[in-house]
Student: 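This is the structure I want to talk about, given as structure tokens.
As the structure lists them, so they are numbered: ligands from 1, and atoms in each ligand from 1.
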Amino acid sequence: MSPDWTEKYRPQNLDGVVGNPQAVNDLRNWAAQWNRGVPKNKAVVLMGPPGIGKTTSAEALARDMGWGIVEMNASDQRTAEAIRTIALRGAYSDTFNDAGEFLSSADGGKKLIVLDEADSLFGNVDRGAVPAIVELIRETRQPVILIVNDFYALSRKSSAIKSETLQITFKRPIPASIVKALKKIVAAEGIEADTEALAAIAANSNGDMRAAGRDLESIAMGRTVITEADTEHLSNRIVQKSIYDLMYNVFRKNAPSAARKMMMDVDEDTDMVMLWVDEN
Ligand SMILES: Nc1ncnc2c1ncn2[C@@H]1O[C@H](COP(=O)(O)OP(=O)(O)O)[C@@H](O)[C@H]1O
Ligand SMILES: [Mg+2]
């Protein structure tokens with residue numbers, strides 16, 4: 001099976017990551033510090049909503065730096081044990097292979113350790129995960145990236161995770177940036193698409209580029225031309241849901257900080273959100 005478009009067109013380098021210039025820049029600067037030794041913050045946390053390029057950026061960074069990569073997905077139940085193993089090895093050795101076996105520094109270069117969806121480790125299966133992560137960020141001699149949707153869920157379990165990491169926030173790319181990315185995809189696929197059609201897909205995605213890519217692919221199936229009419233069946237479910245969540249936070253839970261956080265997740269459409277708040 002050929003990969004879906006979101007995989008096929010996943011940017012391979014940081015230059016290809018759409019939006020988030022500040023975050024990408026911070027990531028590059030942090031990585032550059034590793035060329036001069038072990039930096040003060042050995043771990044960074046990439047935070048932000050799904051589908052906006054966090055995992056992509058971690059992988060692209062490793063490629064740009066010529067580093068190897070060890071990726072652990074935290075939704076995997078074996079992860080806490082794996083973190084422990086890698087944390088311990090990282091403490092004593094300079095590097096290790098993909099199986100977690102350590103190599104002398106002569107044999108291997110740097111390895112970026114990526115703990116993806118790190119917030120999903122908590123609360124459920126393995127309470128040992130938090131100390132394992134803290135140990136990892138303290139003892140590692142390799143660069144570490146933790147990726148989370150909700151940094152609060154992670155940091156309230158451990159103040160060390162907050163104080164001993166560099167935090168980088170990813171925001172939802174604006175619709176215009178998403179349209180640009182979609183244009184590249186249709187061009188590569190030899191499909192003719194109206195800008196209005198792509199704009200409709202982008203607007204409906206609420207900044208989630210994975211969702212936008214998937215919607216585009218499903219609309220393009222069996223077509224060589226896409227017009228705005230082809231996008232009409234796209235619902236506004238995602239937008240409506242996030243607005244509903246925001247309303248809920250503002251009025252029911254009386255939790256302004258949660259509401260503010262949600263607004264911060266939105267790159268530029270804050271005015272639109274404020275309008276909603278006014279009208280409800
Ligand atoms: N900033 C971006 N620039 C270009 N493509 C993106 C971006 N964000 C997401 N994508 C697309 O969406 C897919 C999922 O992105 P990913 O990095 O896995 O999101 P996240 O880790 O933030 O949930 C990628 O394979 C890519 O096709
Ligand atoms: Mg991801």
Student: Using a strict cut-off of less than 4.0 Å between a Lys/Arg side-chain nitrogen and an Asp/Glu carboxylate oxygen, indicate whether Lys54 and Glu59 qualify as a salt bridge.
Tutor: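 Salt bridge flag = no for Glu59 with Lys54.
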
Student: Apply the test side-chain hydrogen bond (donor to acceptor under 3.5 Å, both in side chains) to residues Glu189 and Tyr9: give CA-CA distance (whole Å), side-chain angles for both, the deciding distance (0.1 Å), then the verdict.
Tutor: CA-CA 11 Å; Glu189 293 291 328; Tyr9 297 103; 2.4 Å; yes

Student: If only atom types and distance count, is the side chain of Arg172 paired as donor or acceptor with the main-chain N or O of Asn206 below 3.5 Å?
Tutor: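 Confirmed, Arg172 side chain pairs with Asn206 backbone.
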
Student: For Asn29 and Gln33, run side-chain hydrogen bond (donor to acceptor under 3.5 Å, both in side chains): C-alpha distance rounded to whole Å, both residues' side-chain angles, the deciding distance at 0.1 Å, then the answer.
Tutor: CA-CA 7 Å; Asn29 289 339; Gln33 292 178 26; over 6 Å; no

Student: Among protein heavy atoms, which lies nearest atom 19 (O) of ligand 1, and at what distance?
Tutor: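 Ranking protein heavy atoms by distance from atom 19 (O) of ligand 1, first comes Gly53 N, 3.4 Å.
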
Student: Just which atoms of ligand 1 are under 4.0 Å from any heavy atom in Val17?
Tutor: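 So the answer, numbered in order with elements, is 1 (N), 3 (N).
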
Student: For the backbone of Asn41 and the side chain of Trp30, can you confirm whether one donor and one acceptor N or O come within less than 3.5 Å of each other?
Tutor: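 Checked: pair present.
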
Student: Quick check: does any side chain N or O of Asp194 sit under 3.5 Å from a backbone N or O of Ala197, one acting as donor and the other as acceptor?
Tutor: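 Such a contact is absent between Asp194 side chain and Ala197 backbone.
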
Student: Checking a contact table here: which protein heavy atom is nearest atom 18 (O) of ligand 1, and how many Å away?
Tutor: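 Ranked first by proximity to atom 18 (O) of ligand 1 is Arg210 NH2, 3.0 Å.
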
Student: Where is the nearest protein heavy atom to atom 23 (O) of ligand 1: which residue, which atom, and how far?
Tutor: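 Among all protein heavy atoms, the one nearest atom 23 (O) of ligand 1 is Gly51 N, 2.7 Å.
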
Student: Nearest protein heavy atom to atom 7 (C) of ligand 1, by residue and atom, and its distance?
Tutor: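 Result: Met209 SD, 3.4 Å.
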
Student: Does Thr55 put an N, O or S atom under 2.8 Å from the Mg ion (ligand 2)?
Tutor: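 Checking the Mg ion (ligand 2) against Thr55, an N, O or S atom does fall under 2.8 Å.
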
Student: Determine, considering heavy atoms only, which of Val18, Ile147, Ile185 sits nearest to atom 3 (N) of ligand 1.
Tutor: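 Nearest heavy atom to atom 3 (N) of ligand 1 lies in Val18.
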
Student: Show your working on side-chain hydrogen bond (donor to acceptor under 3.5 Å, both in side chains) between Lys183 and Thr195 and close with a plain yes or no.
Tutor: CA-CA 8 Å; Lys183 276 191 171 156; Thr195 300; 3.3 Å; yes

Student: Looking only at protein heavy atoms, identify the closest one to atom 26 (C) of ligand 1 and say how far it is in Å.
Tutor: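 Residue, atom and distance for the closest contact: Thr6 O, 3.6 Å.
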
Student: In the protein, which heavy atom is nearest to atom 4 (C) of ligand 1, and how far is it?
Tutor: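 Ranked first by proximity to atom 4 (C) of ligand 1 is Pro11 CG, 3.4 Å.
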
Student: Which of the numbered atoms in ligand 1 are below 4.0 angstrom from a heavy atom of Pro50?
Tutor: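 Those of ligand 1 that fall under 4.0 Å from Pro50 are 23 (O).
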
Student: Please round to the nearest 0.5 Å and tell me the distance separating atom CD1 of Ile226 and atom CD1 of Ile201.
Tutor: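 One finds 6.0 Å between CD1 of Ile226 and CD1 of Ile201.
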
Student: Mind checking whether Glu7 has an N or O less than 3.5 Å away from an N or O of ligand 1?
Tutor: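 No; the residue has no nitrogen or oxygen that sits under 3.5 Å from a nitrogen or oxygen of the ligand.
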
Student: Nearest protein heavy atom to atom 17 (O) of ligand 1, by residue and atom, and its distance?
Tutor: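 Nearest neighbour among protein heavy atoms for atom 17 (O) of ligand 1, to 0.1 Å: Thr56 OG1, 2.5 Å.
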
